[in-house]
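In listed order, ligands and their atoms are each counted from 1.
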Amino acid sequence: MEYFSTVAKIEFEGPQSQNPLAYKYYNPDEIVCGKRMEDYLRFSVAYWHTLIADGTDPFGAATMQRPWNGYSGLDLSKARVEAAFELIEKLGLKYFAFHDRDIAPEGTTLAETNRNLEIIVSKIREYMASTSVKLLWNTANMFSHPRFVHGAATSPNADVFAYAAGQVKKSLEIAKELGSENYVFWGGREGYETLLNTDMGFELENLARFYHMAIEYAKEIGYKGQFLIEPKPKEPTKHQYDYDAASAVAFLYKYGLIDHFKLNIEANHATLAGHTFEHELRVSRIYGVLGSVDANQGDSLLGWDTDEFPTDLYSTTLAMYEIIQNGGLHSGGLNFDSKTRRGSFEATDLFYAHIAGIDSFAKGFKVAAKLTEDGVLEEFIRNRYSSYGTGIGADIVGGTTDFKKLAEYAEKRAIANESGRQEMLKSILNQYLIELG
Ligand code: XLS
Ligand code: NI
Ligand code: NI
């Protein structure tokens, strides 16, 4: 059965095209930064938003009109697999991502839940074998069910820890079976609401114990995908332990996990943490842990994770700039952890939305590539730090000076600073966005 019968395969038609169901900037075969765009960007469809989200919000019922709405139970799960592959192929994409609970319904016992998963996983495996679609990452949903009310690996209840371990064990087996290129941990309820009832130090130790066990199990079954932690500062809990890239890195170092994990950076989580998307990418990059990206955007007028499809070219350009400096995302990709607005309820909106996100990143990529090629920012930045190339600066960097010598030097020296030229640089960036990229 065809689920999206009114939409044909989306093709690249170029920036002049007026066809809303065509790519204007995303040309999979075009070489940018020495690689085919498709191989560099590795776009991925997020199952939970595109196949599952129904438009429910705290004030109202589902709005999404979906061709699989008439099904229920395992039949619904099967229809979604068929629809997912049709959508991914019509978009001309190669990757998708899911939570265990997205793809199959929970049973009354863990064993029944796992049987449901097996049925759907084998269907997904068949579809993957007959297409060129691959799994970017999978993860376990350890936040929706009421058992996770106080957390999963950080729950005060050891039985919940054990249940979560069982769930991740199964998810790692699925990752291995489907050749998932990464495995994500987003600590949905790994955080706390009040210190009055929380042993934070102990919860963090337990989280580390959980991750170490995951590493061991992956080794045991021969799963070689990259482990990723996805930082988020709040929502659902008030204080999430993986607040942002910097706090995730500190945790990974403290608990001896830094060699086993990278980060999955989400744009909307960055802004919720009071950072820009590019800041979070930069922090990850300089610590060598930039692994993958959840591509979306928030709304500065709304204080939650709105998960909008990314359309802000300024942001996609600066993000792609960081990704280029990182030499790409390697086993990671750009996963659209994004959903259509509640009012964009038609199935065709799923295509418009993905096209908007894909084209925004493709354009941002081209602009960032040109900026990098011309070395505009690098040259400015190199000059800005040039005082460390000679004289006292070279002594500081070379380790041949100390506080006493520096104090003596400072006594004799009048300081002359130079402008940081923010406005000039922003206007150059605009010129690249509009004309040169
Ligand atoms: C929620 C997260 C979630 C993860 C996967 O805010 O972004 O969707 O990406 O569990
Ligand atoms: Ni996410
Ligand atoms: Ni999110």
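Considering F365, Y40, F43, F361 in turn, F43 is the only one that fulfils the ring pair (Phe, Tyr, Trp, His ring centres under 6.0 Å) rule with Y26.
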Using a cut-off of under 3.5 Å, which N/O atoms of ligand 1 pair up with protein N/O atoms, and what distance separates each pair?
unit_1: ligand 1; atom_1: 6 (O); unit_2: K232; atom_2: NZ; d: 2.8
unit_1: ligand 1; atom_1: 6 (O); unit_2: H269; atom_2: NE2; d: 3.1
unit_1: ligand 1; atom_1: 6 (O); unit_2: D305; atom_2: OD2; d: 2.8
unit_1: ligand 1; atom_1: 7 (O); unit_2: E230; atom_2: OE2; d: 2.7
unit_1: ligand 1; atom_1: 7 (O); unit_2: E266; atom_2: OE1; d: 2.7
unit_1: ligand 1; atom_1: 7 (O); unit_2: H269; atom_2: NE2; d: 3.2
unit_1: ligand 1; atom_1: 7 (O); unit_2: D337; atom_2: OD2; d: 2.7
unit_1: ligand 1; atom_1: 8 (O); unit_2: W48; atom_2: NE1; d: 3.2
unit_1: ligand 1; atom_1: 8 (O); unit_2: D337; atom_2: OD2; d: 3.0
unit_1: ligand 1; atom_1: 9 (O); unit_2: E230; atom_2: OE1; d: 2.7
unit_1: ligand 1; atom_1: 9 (O); unit_2: E230; atom_2: OE2; d: 2.9
unit_1: ligand 1; atom_1: 9 (O); unit_2: D294; atom_2: OD2; d: 2.8
unit_1: ligand 1; atom_1: 9 (O); unit_2: D337; atom_2: OD2; d: 2.9
unit_1: ligand 1; atom_1: 10 (O); unit_2: H99; atom_2: NE2; d: 2.6

(request) Show the numbers, then the answer: is there a salt bridge (charged side-chain N to carboxylate O under 4.0 Å, His left out) between D359 and K363? (result) CA-CA 6 Å; D359 266 341; K363 176 68 181 169; over 6 Å; no
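Listed by chain and residue number, the protein N/O/S atoms under 2.8 Å of the Ni ion (ligand 3) are E266 OE2, H269 NE2, D305 OD2, with waters left out.
Between H354 and F336, the ring center distance clears the sub-6.0 Å criterion. Ring centroid separation for the pair Y255 and Y211 does not come in under the 6.0 Å cut-off. Note: F148 and F143 fail the aromatic proximity criterion, with ring centroids not under 6.0 Å apart.
E235 is linked by a side chain to side chain donor-acceptor pair (under 3.5 Å) to K232, counting only residues two or more places apart in sequence or in another chain. Every residue meeting the side chain to side chain donor-acceptor pair (under 3.5 Å) condition with T56, not counting sequence neighbours, appears here in chain and number order: D54.
Between the side chains of Y192 and E203, not a single donor N or O lies within less than 3.5 Å of an accepting N or O. Side chains of D307 and N296: a donor-acceptor N/O pair is present below 3.5 angstrom, by distance only.
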